[in-house]
Amino acid sequence: MSEKVGFIGLGIMGGGMAANLVRAGFEVTVWNRTASRMAAVTDLGASAAGSAREVAERSSVVLICVSDTPDVVAVTEGPDGILAGLAAGSVVVDHSTISPSETRRLAALAEEAGGSWLDGPVSGGSEGAELGTLSIMVGGEASDLERVRPYLEAMGKTITHTGPVGSGQMVKLVNQVLVVVNMLAASEALLLAEAGGLDLDATLSAVTGGAAGSWMLANRGPQIIARDWRPGFTVDLQQKDLRLVLEAADELGVPIPGTALVFQLYRAVQRRGLGAEGQHALVKALEHMAGVKVGEAPR
């Protein structure tokens with residue numbers, strides 16, 4: 001028998017995730033800070049709440065997907081937060097990407113309130129959120145994961161238990177290192193292909209299926225060639241994640257020079273007012289230095 005599910009945060013990722021829960025037949029209550037964003041999900045059959053606290057009062061499983069660490073804190077603590085309405089025995093799953101140390105602090109507060117906490121950050125972009133094919137990396141008690149697995153399976157294709165609370169967030173940071181360095185590789189490669197006068201589509205077809213292939217190349221390469229900057233994940237949000245990566249690396253004393261370079265290149269993109277574009281706009285920083293634009297030369 002399914003439980004009542006709450007979902008907080010209906011942005012570029014959360015909107016699709018919550019919609020898939022409703023389509024799977026679950027009873028879902030939603031809340032979003034910008035109330036107008038609830039309409040797309042309530043039109044499918046979800047119920048709207050007036051606050052994060054109300055979501056918790058009406059749900060035994062509460063899912064969160066908001067932008068940053070302060071946003072998770074804001075919807076969790078305080079008189080209108082999740083913890084104020086959390087019933088004993090409830091479980092909170094945070095799908096946001098936030099600080100691992102702050103995750104552990106919030107998990108302790110949830111335990112004090114009689115509930116439990118899973119950190120379940122996601123990867124797969126807005127496409128994965130809409131299609132229900134996300135990769136979800138989950139930190140926390142295995143028994144809590146099994147309890148919420150049916151809901152996660154409505155939103156994701158790969159669900160991995162990574163270890164104790166906080167480990168899901170750390171795995172997500174590892175994921176983001178791989179994402180952005182792959183994005184840099186794809187951007188540099190396509191810039192070289194453009195400068196070399198190659199047929200970009202043929203080049204992409206030639207390399208995507210071999211050892212050089214990656215999800216970023218296959219999914220974002222065509223967008224770069226088409227100069228389609230619609231976001232699966234924005235530059236601004238990626239920068240937020242990279243700050244978390246660099247903070248964690250600094251705490252651990254780990255050198256990650258490639259990731260630091262991408263962070264600085266994204267900063268150059270942001271300085272040009274392009275932070276709301278997709279993260280594949282990284283190529284624009286390289287184009288600016290080279291005086292060459294991918295996909296614009298006549299063939």
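Keep in mind that this is a model prediction, so the values were computed, not measured.
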Name each donor-acceptor pair under 3.5 Å that joins a side chain in residues 246-260 to protein atoms two or more places apart or in another chain, with its distance.
none

Within residues 203-215 or reaching into it, pairs that qualify as side chain to side chain donor-acceptor pair (under 3.5 Å) - sequence neighbours excluded: none
Heavy-atom donor-acceptor pair, S59 side chain to G6 backbone, under 3.5 Å: yes
Check: N32 side chain, L10 main-chain N or O, donor-acceptor pair, under 3.5 Å: yes
Identified side chain to side chain contact (heavy atoms under 4.5 Å, CB included) partner of V138 from the options L152, V93, D144, V122: L152
Atom pair CD1 (I82) and OG1 (T76), whose distance is rounded to the nearest 0.5 Å: 4.5 Å
Heavy-atom side-chain proximity of L184 to L261 below 4.5 angstrom: yes
Which side-chain N or O atoms in residues 275-282 pair as donor and acceptor under 3.5 Å with protein atoms at least two apart or in another chain?
unit_1 : atom_1 : unit_2 : atom_2 : d
E277   : OE1    : K284   : NZ     : 2.8
E277   : OE2    : K284   : NZ     : 3.2
Q279   : OE1    : Q238   : NE2    : 2.6
H280   : NE2    : D228   : O      : 2.7

Counterpart residues, salt bridge (Lys or Arg N to Asp or Glu O under 4.0 Å), relative to R147 (two or more places apart): E3
Side-chain donor-acceptor pair present, Q176, D241, cut-off under 3.5 Å: yes
Show me the donor-acceptor pairs, under 3.5 Å and distance only, between side chains in residues 124-131 and residues at least two apart or in other chains.
unit_1 : atom_1 : unit_2 : atom_2 : d
E127   : OE1    : R220   : NH2    : 3.1
E127   : OE2    : R220   : NH1    : 2.7
E127   : OE2    : R220   : NH2    : 3.3

Check: S101 main-chain N/O paired with S99 side-chain donor or acceptor under 3.5 Å: yes
Shortest non-hydrogen contact between M13 and G232, atoms and distance: SD-O, 4.4 Å
Check: S167/T162 side-chain N/O donor and acceptor closer than 3.5 Å: yes
Pairs involving residues 51-80, ordered by first then second residue, that meet salt bridge (charged side-chain N to carboxylate O under 4.0 Å, His left out) (sequence neighbours left out): R33-D71, R53-E57, E54-R58, E77-R105
E27 and S47, any side-chain heavy atoms less than 4.5 Å apart: no
Shortest non-hydrogen contact from I224 toward S187: CD1-OG, 4.2 Å
For A110 against L83, the heavy-atom pair lying closest together: CA-CD2, 3.7 Å
Side chain to side chain donor-acceptor pair (under 3.5 Å): pairs with one or both residues in residues 12-26, sequence neighbours excluded: N20-R23
I64/H95 under side chain to side chain contact (heavy atoms under 4.5 Å, CB included): CA gap, chis, key distance, verdict: CA-CA 6 Å; I64 309 169; H95 294 297; over 6 Å; no
Partners meeting salt bridge (Lys or Arg N to Asp or Glu O under 4.0 Å) with E146 (sequence neighbours left out): R149
Results of salt bridge (Lys or Arg N to Asp or Glu O under 4.0 Å) for K172 - residues two or more places apart only: none
Inter-residue atom distance L63.CG - D94.CG, 0.5 Å rounding: 9.5 Å
Pairwise distance CZ(R267) to CZ(F263) - rounded to 0.5 angstrom: 4.0 Å
Non-hydrogen atoms of Q169 and S96 that approach each other most closely: NE2-O, 3.0 Å
Test item: S90 side-chain N/O and L86 main-chain N/O as donor-acceptor pair under 3.5 Å: no
D119/T103 under side-chain hydrogen bond (donor to acceptor under 3.5 Å, both in side chains): CA gap, chis, key distance, verdict: CA-CA 7 Å; D119 49 307; T103 289; 5.2 Å; no
L244 side chain reached by T69 side chain, heavy atoms, under 4.5 Å: yes
Whether N182 side chain and L178 backbone form a donor-acceptor pair below 3.5 Å: yes
Minimal non-hydrogen separation, A154 against L21, with atom names: CB-CD2, 4.1 Å
Where G14 and C65 come nearest, the two heavy atoms and their spacing: N-SG, 3.9 Å
Distance, nearest 0.5 Å, that separates CG of L204 from CD1 of I225: 4.5 Å
Name each donor-acceptor pair under 3.5 Å that joins a side chain in residues 38-46 to protein atoms two or more places apart or in another chain, with its distance.
unit_1 : atom_1 : unit_2 : atom_2 : d
T42    : OG1    : M38    : O      : 3.1
T42    : OG1    : A39    : O      : 3.1

Counterpart residues, ring pair (Phe, Tyr, Trp, His ring centres under 6.0 Å), relative to F26 (two or more places apart): Y151
Residues in side-chain contact (heavy atoms from CB on, under 4.5 Å) contact with P231, at least two apart in sequence or another chain: I12, T234
K293 with E194: basic N within carboxylate O range, under 4.0 Å: no
Short side-chain to backbone donor-acceptor contact, H161 and G140, under 3.5 Å: yes
Check against side chain to side chain contact (heavy atoms under 4.5 Å, CB included), V207 and L217: CA-CA 9 Å; V207 301; L217 181 65; 3.9 Å; yes
Nearest-0.5 Å distance, CD1 of residue I159 to CG of residue L134: 9.5 Å
Within 6.0 angstrom of K240 NZ, more than 12 heavy atoms from elsewhere: yes
